[in-house]
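Residue numbers begin at 1 in each chain, while the letters A, B, ... track the order of the sequences.
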Number of protein chains: 2
Amino acid sequence: MSTSKQVLIVDDEAPIREMIAVALEMAGYQCSEADNAQTAHAMIVDRQPDMILLDWMMPNMSGIELARRLRKDETTAAIPIIMLTAKGEEENKVKGLEAGVDDYITKPFSPRELVARLKAVLRRATPKGVEDPVAVDGLMLDPVSHRVTSNDKPIDLGPTEFRLLQFFMTHQDRAYSRGQLLDMVWGGNVYVEERTVDVHIRRLRKALGKQHDYLVQTVRGTGYRFSAQIA
Amino acid sequence: MSTSKQVLIVDDEAPIREMIAVALEMAGYQCSEADNAQTAHAMIVDRQPDMILLDWMMPNMSGIELARRLRKDETTAAIPIIMLTAKGEEENKVKGLEAGVDDYITKPFSPRELVARLKAVLRRATPKGVEDPVAVDGLMLDPVSHRVTSNDKPIDLGPTEFRLLQFFMTHQDRAYSRGQLLDMVWGGNVYVEERTVDVHIRRLRKALGKQHDYLVQTVRGTGYRFSAQIA
DNA sequence: CTTTTATATGACATAATTGTTACACGCTAT
DNA sequence: ATAGCGTGTAACAATTATGTCATATAAAAG
């Protein structure tokens, strides 16, 4: 899971937080915890988690109050929220949804259910935009069908090579260091050797074949560049 | 009711969306929701719903603006739209109809009325051949008779496999993640494991047999794609 | 023409993803 | 109830992808 999501758990009862955290971590998420709305708010503004699990009933500021506040702030408005509530508080569901909550789980719930709904919400929260195909020489990459063709002949690439090529084709004529490529293509927070980039470059070139491997150019002492100009 | 229709509900007020969604789901429709015109537009282009319920008044882009935009785009022009509007906005009715809206309901309305008019619109609109048979290679799916044939030999599919195939055949050459497939084929509000998709893919492939199983292609690291192009 | 440094390449072990089968549960109709 | 079907999950197998070496080549530097 290279792009593991940050989940903030807000609940005043420590055992519950623990339980949730364990479940989520087993599912590959990274968790932070807060035991009240105040510190939660601070943490959210500061760390911008990908998702918030928010208990309904808490001392001082209630969960819903926090939700409202987050929705008003532009920098936090888009973060999906799942409300946790005790059985029998169903009437509050409408209020919750009014406050912009994305989903709603009543305690007690199974870890499995929690993870499932969390996934569903995350899925929905990221509407995938429509991307246009890019082409150079006779090489075309279509993000929609997720296909690459060299003069109409299909080329098959591993996921990483695909992302690498996609990045290159949308950032042509510019040299990137291995470090930059790791950031952009692999995603910032993975630790892999820079040499790994070389290997994937090699794999990409191989897949492109004689016809198009010239597009991937090495910039000695710096990194690599994708360009149609034979430098 | 295995040929359930996808309805997108666009309204900025969550409780209203909820209410509508519940009503429609009880009537056998599958619902997605959007709370603003922007994301609605993205979802429409992406998922091509069978029907759109569109609130008149919304922040940023108004419903009518979205309607106009959809009508201009060839890929979305045929999707029927029902406008929701508050009482006393009757004057806008003309504008709405000018913009290509198919019907018009004033709030408040009963769920029963909504469903009735939705059915009526769907019946007479029958958007660009959603009810027409589709065929690829020698594989044909006829939504009306609810039949699938491979070179005129009948294939029998379970309900889910049928919907999956139908979705694929009407959305060819696009890679879909398991999550997206769950949203589109299973319906937005179910919480099932993503791996379940794999199993149904398998069942579908098996049913298609050697003759046509190549149409269902796996896009490693992403999901699946239905295409006649071998790759 | 060496030496030094940087990149290319092929091979591997391991990790991640997908395919496949089996099974249990809930429905429906008998 | 019972039998049959459709579904979702779990478990295991098969396949593919990834990162890291070790080594070969190639380009600059001396």
Side-chain angles (χ1 to χ4, degrees), chain A residues 1-4 26-28 110-113 115-117 119-120 146 148 155-165 175-179 181-182 185-187 189-210 213-225 231, chain B residues 1-4 28 146 148 155-165 175-179 181-183 185-187 189-210 213-225 231:
Chain A
M1 201 79 37
S2 47
T3 320
S4 93
M26 287 200 314
S110 70
R112 161 189 292 273
E113 183 190 5
V115 172
R117 298 179 75 154
K119 273 186 195 164
H146 212 274
V148 179
I155 287 185
D156 95 340
L157 299 174
T160 303
E161 281 74 58
F162 185 90
R163 287 198 309 271
L164 184 56
L165 180 59
Y176 291 96
S177 72
R178 293 172 174 74
L181 289 173
L182 283 177
V185 179
W186 272 252
N189 32 17
V190 284
Y191 174 67
V192 287
E193 295 292 323
E194 294 205 335
R195 292 275 150 269
T196 299
V197 175
D198 295 34
V199 177
H200 283 276
I201 287 282
R202 150 73 173 154
R203 287 168 181 161
L204 178 55
R205 280 172 170 161
K206 197 174 186 180
L208 292 181
K210 287 199 173 30
D213 60 358
Y214 76 94
L215 291 165
V216 180
Q217 307 167 354
T218 112
V219 183
R220 200 149 236 271
T222 303
Y224 299 93
R225 169 184 53 200
Chain B
M1 248 27 42
S2 12
T3 320
S4 84
H146 210 272
V148 180
I155 286 184
D156 89 344
L157 298 174
T160 304
E161 281 73 57
F162 184 87
R163 272 178 300 155
L164 184 56
L165 180 59
Y176 291 97
S177 71
R178 294 170 174 74
L181 290 173
L182 284 177
D183 278 353
V185 179
W186 274 252
N189 304 42
V190 285
Y191 305 105
V192 291
E193 295 292 323
E194 297 203 336
R195 283 304 256 95
T196 298
V197 175
D198 295 42
V199 177
H200 283 277
I201 287 282
R202 149 77 172 153
R203 288 168 181 161
L204 177 56
R205 279 173 170 159
K206 198 173 186 180
L208 292 181
K210 286 198 167 61
D213 60 358
Y214 77 94
L215 291 165
V216 180
Q217 307 168 352
T218 116
V219 183
R220 209 146 225 276
T222 300
Y224 297 94
R225 170 183 54 202

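Regarding B:Leu204, its CG atom lies at a distance of 13 Å from the P atom of C:dT20, rounded to whole Å. Look at CD1 on A:Ile201: it is 18 Å from P on C:dA6, rounded to the nearest Å. The CG-C1' distance, from A:Leu181 to C:dT7, rounds to 15 Å in whole Å. Taking atom OH on A:Tyr214 and atom C1' on C:dA8, their separation rounds to 21 Å, with Å as the unit. In this structure, B:Asp213 places its CG atom 15 Å from C1' of C:dT18, rounding to the nearest Å. The CD-P distance, from A:Glu194 to D:dT18, rounds to 19 Å in whole Å. Nucleotide C:dA8 holds its P atom 14 Å from the CG atom of A:Leu208, rounded to whole Å. One interatomic measurement links the two molecules: CZ of A:Arg178 to P of D:dG19, which rounds to 15 Å at whole-angstrom precision.
Closest to the side chain of A:Arg220, from the set C:dT17, C:dT7, D:dG19, is C:dT7. The A:Asp198 side chain lies nearest to C:dT7 when the options are D:dT20, C:dT18, C:dT7.
For B:His200 and A:Tyr191, each mapped to the nucleotide of DNA chain D holding its nearest heavy atom, the one lying further toward the 5' end belongs to B:His200.
A:Phe162 comes within contact range of no nucleotide atom at all, as no heavy-atom separation falls under 4.0 Å. When heavy atoms are screened at a 4.0 angstrom cut-off, B:Thr196 is found touching base atoms of the nucleic acid.
The shortest side-chain heavy-atom distance between B:Thr160 and B:Arg163 falls under the 4.5 Å cut-off. Looking only at side-chain heavy atoms (C-beta outward), A:Leu182 and A:Val190 stay at 4.5 Å or farther from each other.
From B:Thr196, atom OG1 reaches atom CG of B:Leu181 across 12.0 Å, with rounding to the nearest 0.5 Å. Between the CG atom in A:Asp156 and the CZ atom in A:Phe162 there is a gap of 11.5 Å [rounded to 0.5 Å].
Partners of A:Glu193 under the side chain to side chain donor-acceptor pair (under 3.5 Å) rule, at least two apart in sequence or in another chain, are A:Tyr191. Every side-chain contact (heavy atoms from CB on, under 4.5 Å) that A:Ser177 has, sequence neighbours left out, goes to A:Gln180. For A:Arg205, the side-chain contact (heavy atoms from CB on, under 4.5 Å) test picks out A:Ile201, A:Asp213, A:Val216, A:Thr218, A:Tyr224, with sequence neighbours left out. With sequence neighbours left out, B:Arg203 forms a side-chain contact (heavy atoms from CB on, under 4.5 Å) with B:Glu161, B:Val199, B:His200.
Phosphate proximity of D:dG8 to B:Trp186: present, with a side-chain N or O under 4.0 Å from OP1 or OP2. Proximity of A:Arg195 to the phosphate of D:dC21: no side-chain N or O atom is located under 4.0 Å from OP1 or OP2.
Summarising the geometry of B:Arg178 relative to B:Val197, their closest heavy-atom pair is O-CG2, 3.8 Å, with the distance given to 0.1 Å.
The only option from A:Leu204, A:Val148, A:Leu165 that meets the side-chain contact (heavy atoms from CB on, under 4.5 Å) definition with A:Ile155 turns out to be A:Val148.
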List every contact pair, protein side and nucleotides 3-6 of chain D side both N or O, where the distance is under 3.5 Å.
none

Take nucleotides 22-30 of chain C nucleotide by nucleotide from the 5' end and write B, S or -, depending on whether a protein heavy atom sits under 4.0 Å from the base, only from the sugar-phosphate, or from neither.
B--------
